[in-house]
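Let me begin by presenting the structure, written as structure tokens, before commenting on it.
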Amino acid sequence: MSFESQAVVSGVSVPPLTRPQLAEARRMRAVELFEQGRSTSEVARMVGMHAESVRRWKRLWEQGGAQALRRRPAAGRPPKLDDVQVEAVRAALEQGAQAHGFEADLWTLERAGVVVERVTGVTLARASVWRLLTGRLGWSLQRPRRQAVERDESEIARWVAQEWPRIKKGR
């Protein structure tokens, strides 16, 4: 299993927008449309949301302005790693697994967890490593092909073209 980041802009890895960020962007677009005097049904159609949601947003906007529609910090326990530590982990992981002493250049949750601990001093459970990689770093699961390294495509093509017809005739 290996992980890759989603987007690269000017040689810099850019994590994809999270669902809460996308939702906030949609609400802020709705605010722009409210300010233009667009109707609720028009705004709903333009932002791709149900009219009832847009009516609720408009009431909140009228009472508290655009700030009332901004994202609020998640409730609950704060993350074990701050943003600086997450970026240090990103940089370390982007060096590749072999740079950290692993035999193959593939990341597993266990290997990523070891690197997180080396870089930050924080031990994370496998589930927390998964959330870090997929949520905060924006990486996705990439499974390596299960195929022999020694596989020779040209030899396979030759065999299919020459040997297989000869064998098949013998039947």
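Please read these numbers as outputs of a predicted model, since none were measured by experiment. The residues of the chain are indexed from 1 along the displayed sequence.
- Side-chain atoms of V54 and F34, non-hydrogen and from C-beta on, do get closer than 4.5 Å to each other.
- Residue R136 comes nearest to R90 through the heavy atom pair O-NH2, 3.9 Å, listed as atom of the first residue, atom of the second, then distance.
- Between L141 and L133 there is no side-chain heavy-atom pair separated by less than 4.5 Å.
- Here the closest non-hydrogen pair linking L109 and V129 is O-CG1, 3.6 Å.
- Between W61 and E35 the shortest heavy-atom distance is CZ2-CG, 3.6 Å.
- The line from CG of L33 to CE of M28 is 12.0 Å long, rounded to the nearest 0.5 Å.
- Looking at residues two or more places apart in sequence or on another chain, you find a side-chain contact (heavy atoms from CB on, under 4.5 Å) between R26 and V47, M49, W57.
- Rounding to the nearest 0.5 Å places CG of L106 at 8.5 Å from CD of Q98.
- T40 and E42 are not linked by any side-chain donor-acceptor pair at a separation below 3.5 angstrom, with hydrogens and angles left out of the test.
- Note that CD of E163 is 13.5 Å distant from CD1 of I156, once rounded to the nearest 0.5 Å.
- Judged purely by atom type and a 3.5 angstrom limit, R118 uses its side chain to pair as donor or acceptor with the backbone of H100.
- Looking at E24, its side chain does come within 3.5 Å of a backbone N or O of R71 through a donor-acceptor pair.
- At least one donor-acceptor pair under 3.5 Å links the side chain of R27 to the backbone N or O of L69.
- A salt bridge links R29 with E32: at least one charged nitrogen is closer than 4.0 Å to a carboxylate oxygen.
- Annotation for V116 and T120: closest pair O-OG1, 2.6 Å, computed over non-hydrogen atoms.
- In the displayed structure, E103 atom CD is contacted under 6.0 Å by at most 12 heavy atoms of other residues, nucleotides or ligands.
- When all heavy atoms are compared, the tightest approach of A97 to R111 is CB-NH1, 4.2 Å.
- Rounding to the nearest 0.5 Å places CD of E150 at 11.0 Å from CG of D152.
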- [ ] Apply side chain to side chain contact (heavy atoms under 4.5 Å, CB included) to T134 and W139, showing your working.
- [x] CA-CA 5 Å; T134 59; W139 288 20; 5.7 Å; no
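- Formation of a donor-acceptor pair under 3.5 Å by the S128 side chain with backbone atoms of L124 is not found in this model.
- The two residues V119 and V89 come nearest to each other via the heavy atoms CG1-N, 4.2 Å.
- Rounding to the nearest 0.5 Å gives a distance of 8.0 Å between OG of S39 and NZ of K58.
- Residues V31 and L22 are members of separate hydrophobic clusters, defined by side-chain heavy-atom contacts under 4.5 angstrom among Ile, Leu, Val, Met, Phe, Trp and Tyr.
- Here the CD-CG distance, from Q85 to L132, works out to 10.5 Å after rounding to the nearest 0.5 Å.
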Task: Verdict with supporting geometry, R59 and E62, salt bridge (charged side-chain N to carboxylate O under 4.0 Å, His left out) - done: CA-CA 5 Å; R59 279 193 306 273; E62 289 169 344; over 6 Å; no
